[in-house]
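See structure below.
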Number of protein chains: 2
Amino acid sequence: MEKEANKTSFVNFGRDERYSKFFIKILSGSYIVQTTIFIVFSNYRRSNYMKVAIAKIVQDIHLLPVDVLEDVLEHFQHMELPKNYFLLKSGKPCKHLWFMTKGAARYFYTNDQGKEMNTWFSLDTQIITDTTSFVKQEPAQESIQLMEDSEVYCIGYTSLQALLQKHHSFALWYIKLVEVHYVSQIEDRISDLQFLDAKQRYLKILDQYPDITNRVSLGNIASYLNITQETLSRIRAGKL
Amino acid sequence: MEKEANKTSFVNFGRDERYSKFFIKILSGSYIVQTTIFIVFSNYRRSNYMKVAIAKIVQDIHLLPVDVLEDVLEHFQHMELPKNYFLLKSGKPCKHLWFMTKGAARYFYTNDQGKEMNTWFSLDTQIITDTTSFVKQEPAQESIQLMEDSEVYCIGYTSLQALLQKHHSFALWYIKLVEVHYVSQIEDRISDLQFLDAKQRYLKILDQYPDITNRVSLGNIASYLNITQETLSRIRAGKL
DNA sequence: GTCATTTTTTGATGTATGTCAAATCACTTT
DNA sequence: AAAGTGATTTGACATACATCAAAAAATGAC
């Protein structure tokens, strides 16, 4: 399958021309070549707006004192990224924690047959990281790729570690983040795998994200549900 | 099913007669009535030995300064508990974090058909808690029961919270505990459920615990593996 | 040692899902 | 509008495991 095109996606901030344009070219086959995009706050009013957005997200997890919050926010970067962009590629350690405020992402690994198997989807507002890789900084087993143009706030592992060492209240914040956002999500996932059959898992994800079939291909949904595309089609047709 | 017997299990410490004996009576049916057992250190040499044991466990997770370690150890309790003892019953919040140094425990819930389904086993040295219930102090969905006479060190939720608030280094310790012991274990569990078939899951648990079939009934092992007892028998017989 | 109970195994059949191939539908390119 | 390509559905058959019942083995009480 060959697809060759120039496709551009603009990431545009304020009036600083140095950062106003990037090209991401989709080459033959499935390969996607991309650059890492670093965004700096060049427009005062815009950067203020963004800081308020991430401040609210941070404070909703666990209240930080104002001086700690300001220090923390200094370590976050804001990014607007195009569809198909890779936040993480397998084989590399996961060096960031992302807070997505808009968009969609998928986590996947490639199985022995070369087939991409999705393990998780993040839609709209969600925290994104490969926890296993992140906490030990070991090479990841899976990749994380955007499925839509997305907006994220990002903090690096080294920044996070520095903040943990520096602020007791930030350590408590991080504990709350892990307990509330990670534990709940993953225990829920285990319950699904253990107790629900294929149809029930499909109905549950439709319940949680009614428009998911407009945003994620059926093949990707099937692999996330741990079933084949054929089985998903039969479930959708009421034949199972 | 009716079973009525007096069955005693001794929990004996030093020479303080006030704490030297407890009776746990098994009444009709499956019901087990029990008391909560609090052990105090009555024998100086013995309590010193125990303190060294739990200190090593704690420090292996993440080194604490000596003054913090001493404070932390004050909050741990040591218990020797009999087989069948319930650390947690479903419907109640999980108020403790246990460090088991010897013994075996199982986590289970009861399904709609009244059948006990095991979700986890902890053997020998392992950290025991129902994380979902513990972090939010909500009623647990499952129970935790000892399958052998066991020895545990226990810290309460309120003690842990107080220590987290009091010591920055303890908060970092707890982060390490969750990251290393919880994340690794649960991600591994998810991988098993997603990628391994029944036989592979059985072979894996045999590999990890070669003597598990001597310590846990085959019915319990089967439910942990998410298969029926009949299927496990066929796997063991090489018919699958 | 005997008997009762529980645990485990075995046999026959059913169900949920996978595999392979082909057909159909939807989208993109020309 | 037509052709090409990719995504999805459908049909036929295979596999892994469940269900139900019965038999066998193991364990515990007396």
Side-chain angles (χ1 to χ4, degrees), chain A residues 1-7 26 28-32 83-84 106 108 111-118 147 192-204 206 212-240, chain B residues 1-8 26-30 83-84 106 108 111-118 147-148 192-206 212-240:
Chain A
M1 187 260 304
E2 188 166 329
K3 185 179 187 183
E4 185 148 0
N6 283 331
K7 184 175 182 181
I26 297 174
S28 292
S30 307
Y31 296 98
I32 301 176
K83 177 176 177 175
N84 295 326
R106 70 182 181 122
F108 68 95
N111 71 9
D112 293 334
Q113 288 75 44
K115 190 174 181 1
E116 290 182 355
M117 307 298 293
N118 293 276
M147 299 185 291
D192 287 356
L193 288 169
Q194 275 190 296
F195 309 138
L196 302 182
D197 65 19
K199 181 174 178 176
Q200 290 172 313
R201 295 202 294 277
Y202 175 61
L203 294 178
K204 180 175 175 179
L206 279 190
I212 193 172
T213 54
N214 298 332
R215 302 175 71 184
V216 183
S217 72
L218 291 173
N220 279 344
I221 292 174
S223 71
Y224 166 73
L225 296 173
N226 249 43
I227 56 177
T228 63
Q229 188 156 13
E230 294 91 335
T231 298
L232 180 55
S233 289
R234 297 190 224 281
I235 290 172
R236 282 163 58 79
K239 289 170 178 168
L240 287 183
Chain B
M1 186 265 297
E2 186 168 331
K3 184 180 189 183
E4 185 150 359
N6 283 334
K7 185 176 185 182
T8 61
I26 298 176
L27 302 180
S28 292
S30 306
K83 178 177 179 175
N84 295 327
R106 69 183 182 121
F108 68 95
N111 73 7
D112 293 335
Q113 288 76 43
K115 190 174 182 357
E116 290 182 353
M117 307 299 290
N118 293 275
M147 300 184 290
E148 295 174 355
D192 289 355
L193 289 169
Q194 274 189 299
F195 310 137
L196 302 181
D197 65 19
K199 182 174 177 176
Q200 289 171 314
R201 296 201 294 276
Y202 176 59
L203 294 177
K204 180 175 176 180
I205 201 173
L206 279 188
I212 193 172
T213 55
N214 298 331
R215 301 175 71 184
V216 183
S217 72
L218 291 172
N220 279 344
I221 293 174
S223 70
Y224 166 74
L225 296 173
N226 251 43
I227 57 177
T228 62
Q229 189 155 12
E230 295 91 333
T231 297
L232 181 56
S233 290
R234 297 189 225 281
I235 291 172
R236 282 164 58 80
K239 289 169 177 167
L240 286 185

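Every chain is numbered from 1, with letters handed out A, B, ... down the list of sequences.
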Just how far is it from atom [atom1] of [X] to atom [atom2] of [Y], taken to the nearest 0.5 Å?
X	Y	atom1	atom2	answer
Arg201(B)	Leu232(B)	CZ	CG	11.0 Å
Arg215(B)	Met147(B)	CZ	CE	7.5 Å
Ile227(A)	Asp197(A)	CD1	CG	9.5 Å

Tell me, do [X] and [Y] make a side-chain contact under 4.5 Å, heavy atoms counted?
X	Y	answer
Tyr224(B)	Val216(B)	no
Ile235(A)	Leu225(A)	no
Met117(A)	Gln194(B)	no
Asp192(B)	Lys204(B)	yes

Separation of [N] [atom2] from [X] [atom1] (nearest whole Å):
X	N	atom1	atom2	value
Met147(A)	dA7(D)	CE	P	15 Å
Leu218(B)	dT10(C)	CG	C1'	15 Å
Asn111(A)	dG18(C)	CG	P	13 Å
Gln229(B)	dT10(C)	CD	P	13 Å
Lys115(B)	dT6(C)	NZ	C1'	13 Å
Asn214(A)	dA26(C)	CG	P	14 Å
Tyr202(A)	dT8(D)	OH	C1'	12 Å
Leu232(A)	dT19(C)	CG	C1'	16 Å

Ignoring hydrogens and angles, tell me if any N or O in the side chain of Arg234(A) forms a donor-acceptor pair with the backbone of Leu240(A) under 3.5 Å.
-> no
Can you name the atoms? Protein N/O to nucleotides 21-28 of chain D N/O, anything below 3.5 Å, with the distance.
none

Does the side chain of Lys239(A) get closer than 4.0 angstrom to OP1 or OP2 of dT9(D) through an N or O atom?
-> no
For dT8(C), take OP1 and OP2 only and decide whether either is under 4.0 Å from a side-chain N or O of Arg236(B).
->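 False: Arg236(B) side-chain N/O out of range (4.0 Å or more) of dT8(C) OP1/OP2.
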Inter-end axis angle, the helix from dG1(C)-dC30(D) to dT30(C)-dA1(D), with every axis fitted to five base pairs (rounded, 10 degrees) |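 Here the local axes at opposite ends form an angle of 40°.
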Consider only side-chain N and O atoms of Tyr202(A) and Arg236(A), and report whether a donor and an acceptor are under 3.5 Å apart.
->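 Distance-only check passes for Tyr202(A) and Arg236(A).
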Close N/O contacts between protein and nucleotides 15-17 of chain C (under 3.5 Å):
| residue | atom | partner | partner atom | Å |
| --- | --- | --- | --- | --- |
| dT17(C) | OP1 | Ala198(A) | N | 2.8 |

At their closest point, which heavy atom of Glu116(B) faces which heavy atom of Ser223(B), and how far apart are they?
->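 Looking at all heavy atoms of both residues, the shortest contact is O-OG, 3.9 Å.
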Any idea which heavy atoms bring Leu218(B) and Thr213(B) closest together, and the distance?
->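 Minimum heavy-atom contact is CD2-CG2, 3.9 Å.
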